[in-house]
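See structure below.
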Amino acid sequence: MSTSVVYIKDLKAHAGKMVELRGWVYNTRSGGKIRFLILRDGTGYLQCVASASDVPPADFEILGTLTQESSVVVTGTPREDKRAPGGVELTLKSVTEVQHAEGFPITPKEHSSSFLLDHRHLWLRSKKQHVVLTVRHHTISAIRDYLNNHGFINLDTPIFTPNACEGTSTLFETDYFGDKAYLTQSGQLYNEATAAAFGKVYCFGPTFRAEKSKTRRHLTEFWMVEPEVAFMRLDELMDLEEDFFCYIIARVLETCGTDIKEVLERDISKLEAVKKPFPRIHYKEAAKTLLDQGVPFEVGGDFGGTDETVLTQNQTTPIFVHHYPTQVKAFYMEPDPDEPEYCLSVDMLAPEGYGEVIGGGERTANLDLLEQRIKEHNLPRAAYEWYLDLRKYGTFPHSGFGLGVERTVSYLCGLSHLREAIPFPRMLNRLSP
RNA sequence: UGCGGGGUAGUUGAGUGGCACAACGCCGCACUGUUAAUGCGGAUAUCGGAGGUUCGAAUCCUCCCCCCGCAGCCA
């Protein structure tokens, strides 16, 4: 009879049959003539039990010397047992040590965040990080599925760019064969070109901001999905955003809900309560709310983290704040024709203090206005000639938005800092590992 | 970048002028159902770096480095 090689997640289907598993030692416990091995294989955790009378003496000896994260191959027969964490355990028949690991630095006890980040390559093996990054995977998968199933074409935009997209944020500069090139901070301008060619498009990739921000909500390298739709107006954009976001939440709850609740100890009823439509609040109304609550807020400015928390504190769903002052938003935002000092922009703010997760709006379709705005923002006109062409040859109303993947994952997982929402975070003071 | 809090054993902390401590981890012994096992024993530190004050500095002073939190900016 041959022994089949299985993963822990599939173990229940092999109850009573001899199987082989390959993985790493999570922990061991010894009880004299009985020894326990907690094995992890990337798909789950499994308690293996060996009695001195049931395994060869040499194998029993190995079980007594195994250390945390040593790599092993074990064989045995799985069976259901209420005493085991997970409900299934393995009656060991043999164990082979592939490599003996000495002094694994991360123990199941408490560590500081900087110690863990220094050991991020090893921290990834721990339970919570495993769940968070699995949520990230399903978030990305849901994003792609939603857009692909709603007629969007994925057309990725360049990471090397010759000019600033929004002109305001700080860019990472690189040498490009003697010329200056910058790492992209948004694919938005290129999306407008592909939207004119394909109608509904999105780009999805890393973006870079050299902002010297050191907060729980900033990375210097983060992932963003940016859909752009030809002929879409602001109200339809909000319809799209809320439907999209609800789909992501539903997919993640379906695939990872139990782990988010049990391993991350996040209150998932807060996620289950998120239903569309989300409240749509005009900037002026939001500003009034802040002033009514006694928040020292300067009308005409953008919202800070604290402002966003106050605005969302009594909400069970994310909210939309639209019509920000034209002055504080990017040059390409379309001014409201009735009230040009406000523009057709919209941010989606998540509840529970997570703040802005989506930023977007309707883009200026008018060539003259766009030229004027480029001048006002002191942007080099030559670099934008191609962008102006989009208004010269069949200009069209269009809207789009950018959703930050790490902020979304952070919200879904209830993290206190988004550095855990990406495998290898890049921050102001961290470039390694 | 500004303000605040920190840097002591592998890790997490206590220690405000007088013998460097504890817990966990690690090593050894015991234990046939452990769940971050338990009990007993053991090893482990240039107290972030450089200078200074002092009979004596982890502790006081000066400069530097690094980390954490908050804010601005933003997804």
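Note on naming: letters A, B, ... go to the chains in the order of the sequence lines (proteins, then strands), and numbering restarts at 1 for each one. The structure displayed is predicted, hence computed values, not measured ones.
- Closest approach to the F36(A) side chain among rG33(B), rU12(B), rC74(B) is made by rG33(B) (side chain taken as heavy atoms from C-beta onward).
- Nucleotides rA58(B) and rG18(B) place their P atoms 10 Å apart, quoted to the nearest Å.
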Query raised in the report: Going through the checks in order, is the side chain to side chain donor-acceptor pair (under 3.5 Å) test met by S141(A) and H138(A)?
Result: CA-CA 5 Å; S141(A) 174; H138(A) 287 291; 5.2 Å; no
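- Atom CD of E376(A) sits in a crowded spot, with more than 12 heavy atoms from other residues, nucleotides or ligands closer than 6.0 Å.
- On the C1' atoms, rC31(B) is 12 Å away from rC40(B), given to the nearest whole Å.
- Atoms CZ (F60(A)) and C1' (rC31(B)) sit 11 Å apart, rounded to a whole Å.
- Taking atom C1' in both rA9(B) and rA22(B), the straight-line distance is 11 Å, to the nearest Å.
- As rounded to whole Å, 16 Å separates atom P of rC3(B) from atom NZ of K212(A).
- Between the C1' atom of rC27(B) and the CD atom of Q68(A) lies a distance of 16 Å, rounded to the nearest Å.
- Residue H111(A) is classed as a sugar-phosphate contact, given heavy-atom separations below 4.0 Å to backbone atoms only.
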**Report entry** Candidate pair H282(A) and Y342(A), rule ring pair (Phe, Tyr, Trp, His ring centres under 6.0 Å), full reasoning
**Finding:** CA-CA 10 Å; H282(A) 194 287; Y342(A) 295 96; 5.6 Å; yes
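- Listed by residue number, there are no residues of residues 142-157 of chain A with a heavy-atom contact under 4.0 Å to RNA chain B.
- Pairing partner, rG69(B): rC3(B), with both Watson-Crick or wobble hydrogen-bond distances short of 3.5 Å.
- At a cut-off of 3.5 angstrom, the base of rC74(B) holds at least one donor-acceptor pair with the side chain of R217(A).
- With a cut-off of 3.5 Å on both Watson-Crick or G-U wobble distances, the partner of rC40(B) is given as rG28(B).
- In this structure, T77(A) and V19(A) have side chains that are not in contact, with every pair of non-hydrogen atoms separated by 4.5 Å or more.
- Among the heavy atoms of the strands lying under 4.0 Å from S113(A) are primed sugar atoms or P, OP1, OP2 only; no base atom is included.
- In summary, the side chains of Y202(A) and N148(A) do present a donor paired with an acceptor at a separation below 3.5 Å, with no hydrogens or angles considered.
- Atom pair K214(A):NZ and rC73(B):P shows a separation of 17 Å (rounding to whole Å applied).
- Contact annotation: the side chain of F424(A) never approaches that of S432(A) to less than 4.5 Å [non-hydrogen atoms, C-beta and beyond].
- Using a 4.0 Å heavy-atom cutoff across all strands shown, L403(A) reaches no nucleic acid atom at all.
- On the C1' atoms, rG13(B) is 12 Å away from rG6(B), given to the nearest whole Å.
- Taking atom OH on Y26(A) and atom P on rG25(B), their separation rounds to 13 Å, with Å as the unit.
- Nucleotide rU11(B) holds its P atom 15 Å from the CG atom of L117(A), rounded to whole Å.
- The C1' atoms of rG10(B) and rG25(B) are separated by 7 Å, rounded to the nearest whole Å.
- Remark: rU54(B) base-pairs with no nucleotide in the shown strands. Criterion, Watson-Crick or G-U wobble with two distances under 3.5 Å.
- With a 4.5 Å cut-off on side-chain heavy atoms, V295(A) and T289(A) do not count as touching.
- Going from the C1' atom of rG69(B) to that of rU59(B) covers 25 Å, rounded to whole Å.
- Searching all strands for a Watson-Crick or G-U wobble partner of rC74(B) with both distances below 3.5 Å returns nothing.
- A donor-acceptor pair shorter than 3.5 Å cannot be found between the side chains of E341(A) and Q327(A).
- Of the candidate nucleotides rG33(B), rA75(B), rU32(B), rG33(B) has the atom lying nearest to any side-chain atom of V49(A).
- Applying the 6.0 Å contact sphere to CD of E272(A) captures more than 12 heavy atoms from other residues, nucleotides or ligands.
- Residue S114(A) places none of its side-chain N or O atoms closer than 4.0 Å to OP1 or OP2 of rC68(B).
- Side chains of H398(A) and E192(A): a donor on one and an acceptor on the other come within 3.5 Å.
- Residues from residues 273-293 of chain A lying near RNA chain B, meaning a heavy-atom separation below 4.0 Å, are absent.
- For L116(A) and rU12(B), the CG to P distance is 8 Å, given to the nearest whole Å.
- Comparing the same atom, C1', in rG52(B) and in rU11(B) gives a spacing of 33 Å after rounding to whole Å.
- We find that CD of E110(A) is positioned 15 Å from C1' of rG10(B), with the value rounded to whole Å.
- Across all strands shown, rG13(B) is found opposite rC21(B) as a Watson-Crick or G-U wobble partner, with both distances under 3.5 Å.
- With contacts defined as side-chain heavy-atom distances shorter than 4.5 Å, the pair Y354(A)/T312(A) does not qualify.
- Other residues, nucleotides and ligands place more than 12 heavy atoms under 6.0 Å from the NZ atom of K329(A).
- Of the C1' atoms belonging to rC27(B) and rU44(B), the separation is 10 Å, rounded to the nearest Å.
- Across the strands present, rU46(B) finds no partner; the criterion is a Watson-Crick or G-U wobble pair with both atom distances under 3.5 angstrom.
- Using a 4.0 Å heavy-atom criterion, one finds that G402(A) contacts the sugar-phosphate atoms exclusively.
- Across rC74(B), rU11(B), rG33(B), the shortest atom-to-atom separation from the side chain of E308(A) is found for rC74(B).
- Comparing rG25(B), rA71(B), rA36(B) by their closest approach to the side chain of N27(A) singles out rA36(B).
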